[in-house]
Protein chains: 2
Amino acid sequence: MTPKQKRVLDFILSFIEEHGFQPSQLEIAQGCGFESLGTVQHYLRSLERHGLLARQSNAKRGLQLTNPPCPPFAETLRGAGSPFAKGGTLSAGTIAKGETVTPQPLVASITFLELPLVGIVAAGKPVHAFELADAIEVPSAMAGPGNVVYEVRGDSMVEMGIMDGDYVAVHPQSVAENGQTVIAEVNGSITIKKYQRKGNTIQLLPANAAMSPITVTEEDEFHIRGILVGSMRFYRKWTGKSST
Amino acid sequence: MTPKQKRVLDFILSFIEEHGFQPSQLEIAQGCGFESLGTVQHYLRSLERHGLLARQSNAKRGLQLTNPPCPPFAETLRGAGSPFAKGGTLSAGTIAKGETVTPQPLVASITFLELPLVGIVAAGKPVHAFELADAIEVPSAMAGPGNVVYEVRGDSMVEMGIMDGDYVAVHPQSVAENGQTVIAEVNGSITIKKYQRKGNTIQLLPANAAMSPITVTEEDEFHIRGILVGSMRFYRKWTGKSST
DNA sequence: TGACTTACGAAAAACTTACGAGTATCCTCG
DNA sequence: CGAGGATACTCGTAAGTTTTTCGTAAGTCA
C-alpha cells in the first residue's frame, strides 16, 4: 500500500470515528487535499482492489471498511458497567483429567429478559411468521427493543451451524451491512446467511467456507427480514430428527 | 447512515433525554429545521428500515429507539434510559411479507441466571479447562446447580452444529444415558457427541446422520465430562474466521 | 374536533461514476 | 547514462442515481 492510499484510508477511518457515518467522496477530496473527485475515485478503487474497503455502487456514502474496529463481543458482554463484570472468584473447578467437577452455585437475580417467540422459520418455504403468543428467555446480549425469536424448523441452515429446533434471536430490519448475518428471503425461501455486497451483486455466504455462496441477481426476489443477534439450542435426549 | 439520518436520530435521542418522552413528528421537524412533515416521515421510515428505531403505528409519540444490535448491546440494554429496562411496549417491527407482527409487550423481572464461564474446549486436543473467573448469562433452562459454560474453540464440533466461538452449557457428570449429548474425552481428544450404548459398545454419534459415528472400545481412554444442556452463539459483524 | 400520523407525487440538491488526459517517479534494459 | 515502460498520482467535466425536501390530502386516536 502506498502512503497516499494509507492516508486516504486513515482519513476515512477517522472521519467515521468522528462523525459516526461515512464520508462522501467530496469530503474525502477536501479532507485529503484533492482538487478532483477523479482522484478520490482512483484511490477508492485501488483500496477496494486491496480488499481494504467495499463500496456499494451508487450508494451515497456507501463505503464500508473491511476490518472495522468492532470491539470484541465478550468485552462488551462482560465489560465494565455490566453487572457481570464483578469477576468474583467463581471457582469453576477444572474438568481436567480425572477430577470431578465441583458444583457451582448460581449467582445473581437480576431482571430477566424475554423476547416474543413469533414464528417459525421454515426450511425452504416461505416464512409463516405467525404469533405464537409465547416468549422465550434470552441472554441480555440477545435482547433488545424489537427483537424477536424464531424457532427454526428444517435443516436448511445447517451450514450456518443452525439446526432443527434451534432458536434464533433476530433484530428486525430490512437493510444490512457487509459481514452481518442476516435472515433473508430469497425467491420465497427463507434462509440465514452472511450478507456481503460488492458493487451491484449481493452474495450470501454460508458459515463454512467450503460451501458455495449464493449470488443474488436482480431477478431474484430478495428481502432482508432482520439480522441475527444470537442463536440458542437446548439439548435433551434425542435432540434433532424427531422425524416429521 | 447518512448525516441527516444521524441528525434526526440524535435529535430524537436528545429530546427523549431532555423531556423524558418521545417527540412528535412536528417537533422533530421543528427541531431539525424541516418545513414538511413528509421529510420527517421519510427519515423515520429510513431509520426504521435500518432497525434503529421502531414505530407504533398511529400512536402519538410512538417512537422507540432501538439500540444497534452490534457492539454496545448488552451495556446500553441494561443501562438506565433504555426503554427495555422499564419494560415498555416494544414493537416488533415488520417481519413477514405483508404481515406485521403486532407489538409484543415484553415481560420482565424474572430471575436472571448466569453460569461461570470456566474454560475452553479445545478442538481435537485435551481440554485445558482453566478458570476464566468470569460468568455468562444463560436462559434458565440451561442453568442448574453445578452447571458451567464452556467457550468453544476450534471447528472440531461443527458436525454437532457447534462452531468456533460458541458457548456450551454443560452439566458435569461422568455417566450418561442413551441419547444424551455428552462432552467426552476420547483418547485425549475432547469432543461433543451423542451418546449411545448398546450392550458393551459405546457409540458416539454426530448430529448429522451422514457423518460416521465413533465406536469406543475397551482400549480407548474414555471419560464423560458432562452432558450438554444448551449452546449459544452471538453474532456480530464479520463473525468467524477473520484473520487469526 | 384537535392533534398527530400516513401516504403519495414531484422537484431540487447532493453524490457517485465514467472517461480522457496530463505529470512525476522508479525500474529495467541496451 | 538515457530511453522506454509501468505505476502512482492528479485534474476536470458530463452523465446517472439517490437523497433530501416540500406540500397537500387522508386516516387515526382520544
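Every chain is numbered from 1 and lettered A, B, ... according to where its sequence line falls, protein lines coming before strand lines.
Under 3.5 Å, the side chains of B/Arg233 and B/Tyr235 contain a donor-acceptor pair of N or O atoms.
Here D/dT20 presents its P atom at 10 Å from CZ of A/Phe21, a figure rounded to the nearest Å. Per the geometry, NE2 belonging to B/His42 stands 17 Å off P belonging to C/dA10, to the nearest Å. Going from atom CG of B/Leu37 over to atom C1' of C/dA3 covers 11 Å, rounded to whole Å.
With C/dT17, C/dA7, D/dC11 as the choices, the nucleotide that has an atom nearest any side-chain atom of B/Arg45 turns out to be C/dA7. Between C/dT17, D/dC11, D/dC22, one nucleotide has an atom nearer to the side chain of A/Gln41 than all others, and that is C/dT17. Nearest nucleotide to the A/Gln5 side chain, out of C/dT5, C/dT16, D/dC9: D/dC9. When the nucleotides C/dT6, D/dG12, C/dT16 are ranked by their closest atom to the side chain of B/Ser57, C/dT6 comes out on top. Comparing C/dC4, D/dT10, D/dC11 by their nearest atom to the side chain of A/Ser36 picks out D/dC11.
Inter-residue side-chain proximity for B/Val152 and B/Asp164 is flagged as unmet; no heavy-atom pair is nearer than 4.5 Å.
Among the atoms of the strands shown, base atoms are found under 4.0 Å from some heavy atom of A/Lys60. Counting any heavy atom pair closer than 4.0 Å across all strands shown, A/Glu35 reaches sugar-phosphate atoms only and no base atom.
Between A/Thr39 and D/dC11, a side-chain N or O to OP1/OP2 separation shorter than 4.0 Å is present. For B/Thr2 and D/dT19, the shortest distance from a side-chain N or O to OP1 or OP2 is not below 4.0 Å. Remark: A/Tyr43 is in phosphate contact with D/dT10, judged by side-chain N or O atoms under 4.0 Å from OP1 or OP2. Side-chain N/O atoms of B/Arg55 include one lying less than 4.0 angstrom from OP1 or OP2 on C/dT6. Neither OP1 nor OP2 of C/dA14 sits under 4.0 Å from any side-chain N or O of B/Lys4.
Tested against B/Gln25 for a side-chain hydrogen bond (donor to acceptor under 3.5 Å, both in side chains), the candidates B/Arg61, B/Lys60, B/Gln41 yield a single pass: B/Gln41.
Distance alone, capped at 3.5 Å, is enough to place a donor-acceptor pair between the A/Gln180 side chain and the A/Glu177 backbone.
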